[in-house]
Amino acid sequence: MYTSISRWCFRHPWRGLAVWLAALLLIAGISGSLGASYSGELAIAGTESHSGGEILKDHFGGVGAGPGGTVVFRAEQGIDDPAVLTALSELLARVDAIEGTTVISPYGPGGQYRIAQQGGEAGLIAYADVSLPPGTSGTDAQEVGAEIEDLIEELDLRSMEGLDVEVGGVWFAELQPPESEAIGLAFAIFVLIAVLGSVVAMGATIGAALITVGIGTAGIVVLSNIITVPDFAPAIGLMIGLGVGIDYALFIITRYRDALSSGHGPEQALATALNSSGRSAVFAGATTVASLLVMLTIGIPLVNGFAIAAAATVAVVLVGSVTLLPALIVLLGDRIATTRVRGMVVAVLVSVALFGFGAGSRQLLVFALGAAVIVLVAGLFGGEGNRLRRVLRPRREKPLRDTGWYRLSRRVQARPWTFAIGGTVVLLLLAAPVLDLRYGFQDESNFSADTTTRKAYDLTAAGFGPGGSGPLLVVAEVSSPSQMDELASLSQALGATDGVSFVTPPIPNNPVAPTAAAIEVRPATGPKTIETEALVKDIRETVVPAATAGTGLDAQVTGFTAVKVDVSDYLKVRTPLFFIVVLGASFLLLMAVFRSLVVPLKAVIMNMLSIGAAYGVLVAVFQWGWLGGLIGVEPGPIEPFIPMMLFAVLFGLSMDYEVFLLSRMKEEFERTGDPVNSVADGLAATARVITAAALIMVFVFGSFVFEDQRAIKMFGIGLAAAVAADASLVRMLIVPSTMELLGTRNWWLPGWLDRILPKINVEGSPPEAPAQETD
């Protein structure tokens, strides 16, 4: 199959390129016409918070059950000042007029509960609740938030002396499109030029990745109109797609150029590259897609949407690696191994421009792009005498056993216990913080201090305490007036509960003939704290049952804070099972690939070590707050879906390196029967490419730490840490040392198991001898 694909790409390169460009334009046009419709819906059917949300939908018109936020304001002259009252009443009336919104104003019935009553801010701070209908997409909610901001500007409220008005809530927070990936690309250009020695080869690698990732991210926008897709999915898809796209292209181009240098013609070299590195890339990519799709078994719409979106992006990148990239290789011809001074200078300037774009420096961007254009134009004149047109001599390749990588492997093999134990201890130390891992969701305190979301949070905390931005709702259906009295007793019991700072009396849906009522409970602690999580469970397990015993009331604790607690508990139970399924499948898959029991067992253990190290880094940075100030995050729990999603992605990425390194070692062992030099030769042959690929991934993933969203920062640091640990400590130290310790036993497999296991060839057939020219 791979030979047939390479032959078609070699003979029809323009058609291949045209098909991909047409696909990019088509999907971009469709996504542009549809627009994005991302969702932040978390509630899980069957949980108490979901049942409470259904009561809000059925009896309160959905108020409090869907997305929403607040308009928070502070007036130095007091919120009852006539000028302030007039201005804010007009604002809230116009907000209420936005289609689908419902505003509960501090100036309306029951509004006294939304005015600060105690402390130095009493009477100075207040807020209005703004609710949207259940099912409103996250994208639409963000648009409402932007519209409220526009109204504040239009009414010129922020210029009123003594008045501060802010828009609060994660639903209304502005989502900035990712730009920091440009910083990762800037570093990737340098790494690719260093390892490939060719600007043209670098360009082919980056170009193929950008086209396929562009299709993938535009496809995510389309998917968001069909299924539930979280708003961070495009950024994560872009991150993963760029990483694996450049990774796969690097492996394939390196193998293609190796085949050329061995005397193969271009067509035969392309077939060799696709039948070896291309086959390995397909295996690794398919494994990544499969591991992502296993998340569908979790049963949360938001997680399902992310899994499908990320898997689709990887699939597109994967197909492009074995179709679009070969077409570009053929079109570039001999230039893929040639670099002129002009190209090198332009590449450096483009890298600087990308860095300027990602860092937000317009001056650097304009300067670098302008200089690049000048160099390109200057290189058009003067013929071959122009120094800019001079061809740079290619780097002289050393014999395999003269390389530093070969010497490193032999040094590791000479002291295998030292490096095996030392590398494992380092990984365990990095993973140690996982023992303190706490699942939970961020609140608005994690937003940048200059955002209106964070300012609204700070104002709410100042006026209503830390729990003011994350109230709980205790809701119940009622069938008689006496049950309203029983709910009043529940309200008193809630008010006497430790950890509660404020409770409203029961608020009926209809004052004359109520069918349901809601009690707002304000915790004394912030939404992301362990104390608030404990309070939710205490209310559910102790306070409500004791206060409603014998009444017939079925009170449910809901609200966004309760929803997040339920999701965390749900994922705590299911994530370990997900790990077991993926690791078990990887063990069976690697056993079939390498015909060994020992190699896949070591691979599973080492994957867990590198992923555990990444989790440890996340806990230290995001939960404990180590170096958090440098990347703009406050200490808080780890979002419960992050470890699972990271695991799915990292499993496929580590599989790529595993197959690339071990298949070469196995190939050398089968050829020579030497268990010692086969390890050193395999490492020496692959280490440079693996290290380069890992560096690129670390730069691309790490660059996303400059994004605003906490979840995206977590993904970036987690992926970068895991790849760095896997490519350095695991592949360069632990693998060769354990291979040395076990020798030929690495490849042991019982005969009966060998007979029943399916044959999976990810190494391709041995390369054919170069075709000989005849007279």
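Residue indices begin at 1 and follow the sequence shown.
Interatomic distance, CE of Met202 versus CG of Leu196, reported as 9.0 Å (0.5 Å rounding). Note that CG of Asn386 is 9.0 Å distant from CG of Leu380, once rounded to the nearest 0.5 Å. Note that CG of Leu583 is 11.0 Å distant from CG of Leu588, once rounded to the nearest 0.5 Å. Annotation: the span from Leu250 atom CG to Ser321 atom OG amounts to 11.0 Å, rounded to 0.5 Å. Put simply, CZ on Arg7 and CD1 on Ile5 are 11.5 Å apart, with the number rounded to the nearest 0.5 Å.
Side-chain atoms of Thr323 and Trp20 form a donor-acceptor pair, as typed in the model, at a separation below 3.5 Å. When only modelled atom types and interatomic distance are considered, Thr272 and Gln268 share no side-chain donor-acceptor pair under 3.5 Å.
Of all heavy-atom pairs between Leu270 and Ser6, the closest is CD2-O, 3.7 Å. Pro736 approaches Leu683 most closely through the heavy-atom pair CG-CD2, 4.4 Å. The minimum heavy-atom distance between Gly241 and Val213, with the atom names listed, is C-CG2, 3.3 Å. Heavy-atom minimum distance, Ala721 versus Ala614: CB-CA, 4.2 Å. Between Trp8 and Arg15 the shortest heavy-atom distance is CH2-CB, 3.9 Å. The two atoms that bring Ala309 and Ala233 nearest to each other are CB-CB, 4.4 Å, heavy atoms only.
The side chain to side chain contact (heavy atoms under 4.5 Å, CB included) test with Leu324 singles out one residue from Ile211, Val317, Leu21, Ile215, and that residue is Ile211.
The side-chain heavy atoms of Asp681 and Arg401, taken from C-beta on, include a pair separated by under 4.5 Å. Arg255 is not listed as a side-chain neighbour of Phe251, based on a closest heavy-atom distance of 4.5 Å or more. Using a 4.5 Å heavy-atom threshold, the side chains of Lys602 and Asn746 count as touching. Arg11 is listed as a side-chain neighbour of Glu267, based on a closest heavy-atom distance under 4.5 Å. Residues Ile253 and Ile329 are in side-chain contact: their nearest non-hydrogen atoms beyond the backbone lie under 4.5 Å apart. Contact annotation: the side chain of Met239 never approaches that of Glu181 to less than 4.5 Å [non-hydrogen atoms, C-beta and beyond]. Using a 4.5 Å heavy-atom cutoff, the side chains of Gln413 and Met739 are not in contact. Side-chain contact between Ile308 and Leu296 is present, with heavy atoms from C-beta onward closer than 4.5 Å.
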Inset, instruction - Test Leu354 against Phe357 for side chain to side chain contact (heavy atoms under 4.5 Å, CB included), laying out the working first. - result: CA-CA 5 Å; Leu354 286 170; Phe357 175 76; 5.5 Å; no
Inset, instruction - Go through Tyr256 and Ile336 one step at a time and tell me if the side chain to side chain contact (heavy atoms under 4.5 Å, CB included) criterion holds. - result: CA-CA 10 Å; Tyr256 171 75; Ile336 202 165; 4.2 Å; yes
Legend entry - Phe699 vs Val191, side chain to side chain contact (heavy atoms under 4.5 Å, CB included): CA-CA, chis, key distance, verdict: CA-CA 10 Å; Phe699 284 131; Val191 176; 4.0 Å; yes
Inset, instruction - Starting from the C-alpha separation in whole Å, work towards a yes-or-no answer on ring-ring contact (aromatic ring centres under 6.0 Å, His included) for Phe306 and Phe715. - result: CA-CA 13 Å; Phe306 170 82; Phe715 261 100; 5.8 Å; yes
Inset, instruction - Walk me through it: do Asp726 and Arg731 pass the test side chain to side chain contact (heavy atoms under 4.5 Å, CB included)? - result: CA-CA 6 Å; Asp726 191 78; Arg731 304 301 157 203; 2.9 Å; yes
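No more than 12 heavy atoms of other residues, nucleotides or ligands shown are found within 6.0 angstrom of CG on Asp334. Within 6.0 Å of CZ in Phe578 there are more than 12 heavy atoms belonging to other residues, nucleotides or ligands.
Counting only distance, with no hydrogens or angles, the side chain of Thr672 and the backbone of Asp674 share a donor-acceptor pair below 3.5 Å. Although no hydrogens or angles enter the test, the distance criterion places no donor-acceptor pair under 3.5 Å between the side chain of Arg389 and the main chain of Arg342.
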